[in-house]
Number of protein chains: 4
Amino acid sequence: MTSIQVAVVGSGTASPELARLAGEVGRLLAERGCVLVCGGLGGVMEASARGAKEAGGITIGVLPGESRVEANRWIDHAVATGIGHARNLAVVASGDAVIAVGGEWGTASEVAFARKLGRPVVLLGHGPAIDGEGIHRAETAAEAVELAVSLVGA
Amino acid sequence: MTSIQVAVVGSGTASPELARLAGEVGRLLAERGCVLVCGGLGGVMEASARGAKEAGGITIGVLPGESRVEANRWIDHAVATGIGHARNLAVVASGDAVIAVGGEWGTASEVAFARKLGRPVVLLGHGPAIDGEGIHRAETAAEAVELAVSLVGA
Amino acid sequence: MTSIQVAVVGSGTASPELARLAGEVGRLLAERGCVLVCGGLGGVMEASARGAKEAGGITIGVLPGESRVEANRWIDHAVATGIGHARNLAVVASGDAVIAVGGEWGTASEVAFARKLGRPVVLLGHGPAIDGEGIHRAETAAEAVELAVSLVGA
Amino acid sequence: MTSIQVAVVGSGTASPELARLAGEVGRLLAERGCVLVCGGLGGVMEASARGAKEAGGITIGVLPGESRVEANRWIDHAVATGIGHARNLAVVASGDAVIAVGGEWGTASEVAFARKLGRPVVLLGHGPAIDGEGIHRAETAAEAVELAVSLVGA
């Protein structure tokens, strides 16, 4: 088996504060040798991928469209699914754990699918109002990454 | 354009109380001439479809698998999507409004997708802990149906 | 179990000759009491749905987009899948048999998926160059419908 | 933009001859610095991924199921789509060109989708009977890789 893959999810547009958090999550995941999986577009997806790449990590983008060209520039390997929002399932199914940085309805669908599939979820920042067993909250990027990695396979 | 289509979502296994509520929702939708769309399997899906059929309504089942044979017996027209949980997107995209009767993570993903697509959502019974703009709560099946229909196109 | 469902597939734009063939296929399916499933858009999809409706049949449209409004006016019940071309799998999985009227690459993907799932396929008109076990050719709409229905469950 | 990605498609079980061809295709793609994308399972998918890895290449597996554990051992990065055969669209959409090594109906659906999306296709070995503009035939693995790479962006 390969490295741990962690899915980082969040909105396609991000406030400076969420972008900073997402970048830090990406960096910390890379420093631990985790592969970052995300939706491949802008906002939190781009900020987290950038953080990972700047720390020498590997990034996978699971895109909604039919072409790799829509991937942000920090994506190493892009999978163009062609299935629109249904690719949210693929993003979280591809993570051993999921970290949500802020986010709205799309992110909520990813959190719900992650839990449906039994993946642990960590919420960071002000995101969707969704709760239940297996959903954890973190106050800092470091805490989120620590928690996510510790929950893999737990 | 055809009749109003309302998606009824909820767990594949249902307590007697949720089954009763789902059946009543189905019946009331049929009495109003709405077409019921659901996931086509058991539990809340089956109870709501049964309620609709017993009141002379029309039922559409949007199945996760590759064959119509998995549809419950109250489904008039089954679409076998073959895409697993990703069919949750198709269920709610096909409703002009969505009523969730109880439910767990799968239902939460449907509520989130419904809101992503701008569909009004009404929650009935004890279901997923998800909230936000456009999510309404009803105390009775009658209230849920009334609310859902009134919100279509609103 | 409900009526036989037959999927009619073909291009989104149709020559007058293919539109005529598709309309006749739709009409003959309706006269036999079969429900017509198609991709819900224009061209062969629309012509076949129109033929079915004019003969009093029932039509299901399995759309690629996220909204029912893109369905052609002859669709009774539309399922908006939101998964783009991947909905081609759902179209043919929902048919007990598949009739292709002309068509190009999208149609070829539907023929291939139909055979992958074991559905019998009948080709009518000048369509994709795809062949193999379980693919039959018909010269007329009547022959295509006769063949498709006879092959269901065979 | 990142390296060229080439999708290699074919059956989940492979004869020794097709496995040899697939392995050689994988090796030659890796030697050219191309990233190999495949369906991540056995047969041609596994043989091509093994060939790429043994030559130091990078391999992406786009799986039909909901978990990375089903990926063969030569996959570096696995995306679990959860959408069954509909993931065939994602496999070819993620390639800048597509090489089919043998194959049956699943492969035919990938060839058709590839052409629908405008991707060049090269067929190698005895595979599906599908033909049309943009589908090329090669006699050897070297010829297939040469042709595929030359057609990217052409």
Side-chain angles (χ1 to χ4, degrees), chain B residues 1-7 34-40 49 52-53 57-98 109-110 113-119 152-153, chain C residues 1-7 34-40 49 52-53 57-98 109-110 113-119 152-153:
Chain B
M1 194 54 170
T2 59
S3 319
I4 289 179
Q5 288 187 184
V6 176
C34 299
V35 171
L36 180 144
V37 180
C38 70
K53 285 313 296 173
I58 294 176
T59 59
I60 312 286
V62 182
L63 300 162
E66 297 165 354
S67 167
R68 291 205 290 144
V69 301
E70 67 182 3
N72 71 61
R73 55 188 289 223
W74 309 99
I75 296 299
D76 289 317
H77 308 298
V79 169
T81 64
I83 57 169
H85 296 306
R87 76 82 154 79
N88 291 5
L89 175 63
V91 172
V92 297
S94 302
D96 302 312
V98 176
S109 74
E110 288 166 317
F113 271 143
R115 292 306 304 141
K116 178 74 182 177
L117 300 179
R119 305 294 192 280
V152 171
Chain C
M1 195 54 169
T2 58
S3 319
I4 289 178
Q5 287 186 187
V6 175
C34 299
V35 171
L36 181 144
V37 181
C38 71
K53 286 313 297 173
I58 294 176
T59 58
I60 312 285
V62 182
L63 300 162
E66 298 166 352
S67 167
R68 291 204 290 144
V69 302
E70 66 181 2
N72 70 62
R73 56 187 286 222
W74 308 99
I75 297 299
D76 289 315
H77 308 297
V79 169
T81 64
I83 57 170
H85 296 307
R87 76 81 154 79
N88 291 5
L89 175 63
V91 171
V92 297
S94 302
D96 302 312
V98 175
S109 74
E110 289 167 316
F113 271 143
R115 291 307 302 143
K116 177 74 182 178
L117 300 179
R119 304 294 192 280
V152 171

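Hydrogens, waters and symmetry mates are skipped; everything else that's a heavy atom, side chains included, is used. Convention: sequence-line order gives letters A, B, ...; per-chain numbering from 1.
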Check each atom of B:R119 against the heavy atoms of chain C and say whether the ones under 4.5 Å are side chain, backbone, both or neither.
side chain

Return the minimal non-hydrogen interatomic distance between B:R68 and C:D96, and the atom names on each side.
NH2-OD2, 2.5 Å

Taken to the nearest 0.5 Å, the spacing of B:L117 CG from C:S67 OG works out to 9.0 Å

Per-residue contact mode, B:I58 against chain C (heavy atom under 4.5 angstrom)
side chain

Could you point out which residue of B:V91, B:T81, B:V62 forms a side-chain contact (heavy atoms from CB on, under 4.5 Å) with C:V79?
B:V62

Ranking B:A93, B:A80, B:G95 by heavy-atom pairs under 4.5 Å to chain C gives rank one to B:A80

About how many Å separate CG of C:L89 and CD of B:E66, when rounded to the nearest 0.5 Å?
6.5 Å

Do C:H77 and B:V37 have side chains that get closer than 4.5 Å, going by heavy atoms?
no

